[in-house]
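Here is the structure we will look at, set down as structure tokens.
Quantities reported herein were computed from a predicted structural model and do not represent experimental measurements. We name chains A, B, ... by the order of the sequence lines, and we start the count at 1 in each one.
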Protein chains: 2
Amino acid sequence: MDERQQLFHLLNVDGQQLSEKQMNILQAAIDMFAEKGYAATSTSEIAKRAGVAEGTIFRHYKTKKDLLLAIVKPTLFQSVAPFLAKKFVKDVFENEYEHYEQFVRAVFKNRYEFVKTYLPAIRVLWQEMSFHDDIKAQFQTIFTNHVYEKFKQIVEHFQQKGELAPHPPETVIRLTITTIAGFLATRFLIMPDYPWNDEQEMERTIQFLMNGLKA
Amino acid sequence: MDERQQLFHLLNVDGQQLSEKQMNILQAAIDMFAEKGYAATSTSEIAKRAGVAEGTIFRHYKTKKDLLLAIVKPTLFQSVAPFLAKKFVKDVFENEYEHYEQFVRAVFKNRYEFVKTYLPAIRVLWQEMSFHDDIKAQFQTIFTNHVYEKFKQIVEHFQQKGELAPHPPETVIRLTITTIAGFLATRFLIMPDYPWNDEQEMERTIQFLMNGLKA
DNA sequence: AATGATAGTGAGTACTCACTCACTTTTATG
DNA sequence: CATAAAAGTGAGTGAGTACTCACTATCATT
């Protein structure tokens with residue numbers, strides 16, 4: 001699966017085929033939104049970079065905002081994808097992961113690959129979320145209804161097994177997420193040019209997290 | 001010191017007096033940049049909100065970007081202010097802080113108050129840093145020359161005392177900063193409406209951090 | 001009261017913006 | 001091959017955009 005197909009895979013949630021030019025538009029829009037921001041990028045620039053006429057953009061997307069949402073919505077869902085799987089909690093309870101550490105390792109590795117693969121689209125999502133209340137609201141909904149609910153069950157499960165400190169689950173969740181997200185943000189957004197040894201640094205991060213959370 | 005005076009204090013690094021209208025302009029610009037972003041905010045809107053003519057803005061700031069920098073630059077310096085103080089490291093070495101935990105507590109509390117007080121300006125700094133390479137470069141310079149250098153000495157000091165795990169100092173620094181920043185970002189940017197018990201949550205965060213980092 | 005400097009004004013300017021529409025080209029289907 | 005639907009085009013449009021400039025108001029100093 002080449003890069004183009006991956007992009008296709010990320011954005012094409014409802015299964016429709018995208019034409020070559022449509023993919024050019026999306027690719028150009030993602031790259032330019034990520035670089036300069038949505039508001040500072042004009043539709044004429046996107047058209048030029050994509051090698052299409054400006055009108056072609058508006059044939060597929062009613063407004064510029066529509067184009068943004070076509071990028072941001074699928075990325076939003078994919079960014080919490082593991083937690084959207086039906087059998088996700090069940091896997092944990094049925095000893096797919098015997099310890100919280102194994103669970104964290106699986107999530108960490110999985111999200112590392114995701115960020116690495118789709119960085120520009122994730123940049124756009126993250127940056128524009130602050131400015132668009134509708135996107136922010138959708139994120140909040142998905143998080144509380146899917147991620148938080150399932151994460152809480154998992155944390156309580158391992159707390160009952162005596163693996164985790166008796167903090168409120170939301171605190172354990174917050175510390176887990178910010179530790180992982182903190183690494184990914186530093187690694188890919190803040191200091192992408194630093195000579196990282198990813199495996200080593202992720203290992204240290206997990207040790208830190210497990211030490212910090214243990215009962 | 002009322003809110004207006006604090007703003008003045010934050011922005012007016014070089015000691016010049018600002019007129020009433022100048023402060024209105026800065027206040028309006030900070031609020032609107034924080035809400036809608038720099039690129040999506042027009043100078044005419046800022047003028048309207050500040051209650052001045054549009055020309056007045058350009059009397060004081062040559063360009064719109066100049067206005068942004070007048071907000072962002074002082075905020076950037078203030079955001080790492082503790083590390084800019086000359087005697088900062090000396091204080092640590094002369095047992096002002098006997099343990100790393102005391103040092104972390106002091107920084108944490110200090111930066112918590114800073115973020116709480118100047119949240120809108122910090123939003124602007126954080127959001128626009130991604131889009132403006134000059135701002136990003138200035139941040140990198142300050143960080144590597146001042147924050148990182150001093151932080152490293154402090155970490156090595158406490159590692160020699162056997163308080164901290166023998167990770168590379170940059171790893172300890174990263175984990176410390178992302179843990180603190182992770183709390184502040186969650187508290188003030190991502191979930192500002194959640195019913196936080198700040199003292200308790202900061203206490204848990206520090207316990208987590210110290211547990212995670214101890215030798 | 002007179003002077004010069006600084007602060008403030010708002011209509012005007014050249015230009016860019018998102019978006020439209022009448023038209024042409026490509027593609028799918030019998 | 002014929003036909004219609006879908007995709008693609010690019011000049012055109014009106015509503016802004018950042019910024020200018022000739023002018024007025026305010027203020028400190030003599």
Restricting both atoms to N or O, compile the protein contacts to nucleotides 24-26 of chain D shorter than 3.5 Å, with distance only.
none

Integer-rounded Å distance: [N] [atom2] and [X] [atom1]:
{"X": "A:Lys21", "N": "C:dT27", "atom1": "NZ", "atom2": "P", "value": "10 Å"}
{"X": "A:Gln22", "N": "D:dT9", "atom1": "CD", "atom2": "C1'", "value": "15 Å"}
{"X": "A:Ile57", "N": "D:dA7", "atom1": "CD1", "atom2": "C1'", "value": "14 Å"}
{"X": "A:Met23", "N": "D:dA7", "atom1": "CE", "atom2": "P", "value": "16 Å"}
{"X": "A:Ile25", "N": "D:dA7", "atom1": "CD1", "atom2": "P", "value": "11 Å"}
{"X": "A:Glu20", "N": "C:dT27", "atom1": "CD", "atom2": "P", "value": "12 Å"}
{"X": "B:Phe58", "N": "D:dT20", "atom1": "CZ", "atom2": "P", "value": "7 Å"}
{"X": "A:Lys36", "N": "C:dT16", "atom1": "NZ", "atom2": "P", "value": "12 Å"}

Below 4.0 angstrom, which residues in residues 59-71 of chain B have at least one non-hydrogen atom near DNA chain C? B:Arg59, B:His60

Nearest 0.5 angstrom please: A:Gln22 CD to A:Thr56 OG1, how far? 10.0 Å

Between the CD1 atom in B:Ile180 and the CG atom in B:Asn110, the distance rounded to the nearest 0.5 Å is 10.5 Å

[X] side chain: which of [options] is closest?
{"X": "B:Glu54", "options": "D:dT9, C:dA18, D:dA18", "result": "D:dA18"}
{"X": "B:Ala53", "options": "C:dA7, C:dT9, D:dA18", "result": "C:dT9"}
{"X": "B:Thr56", "options": "C:dA18, D:dC19, C:dT9", "result": "C:dT9"}
{"X": "B:Ser42", "options": "D:dT9, C:dA18, D:dA18", "result": "D:dA18"}

May I ask you to check whether A:Glu54 and A:Thr43 show a side-chain donor-acceptor distance below 3.5 Å? yes

Closer to the 5' end of DNA chain D via nearest nucleotide, is it B:Thr43 or A:Gly55?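 Nearest nucleotide further toward 5': that of A:Gly55.
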
Decide side chain to side chain contact (heavy atoms under 4.5 Å, CB included) for B:Lys65 and B:Asp134; before the verdict, give the C-alpha distance in whole Å, the side-chain angles of both, and the deciding distance to 0.1 Å. CA-CA 11 Å; B:Lys65 174 91 183 238; B:Asp134 48 348; 3.1 Å; yes

Could you check, using the six-membered ring where one of them is a Trp, whether [X] and [Y] have ring centers closer than 6.0 angstrom?
{"X": "B:Phe151", "Y": "B:Phe143", "result": "no"}
{"X": "B:Phe188", "Y": "B:Tyr112", "result": "yes"}
{"X": "B:Phe208", "Y": "A:His167", "result": "no"}

Salt bridge or not for A:Glu201 and A:Arg187, using N-O below 4.0 Å? no

For C:dT6, does either OP1 or OP2 sit under 4.0 Å from a side-chain N or O belonging to B:Ser19?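 The answer is no; no side-chain N or O of B:Ser19 sits under 4.0 Å from OP1 or OP2.
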
Hey, does the Lys NZ or Arg CZ of A:Arg105 hover above the aromatic six-ring of A:Phe108, less than 6.0 Å from the centre and inside 45° of the axis? no

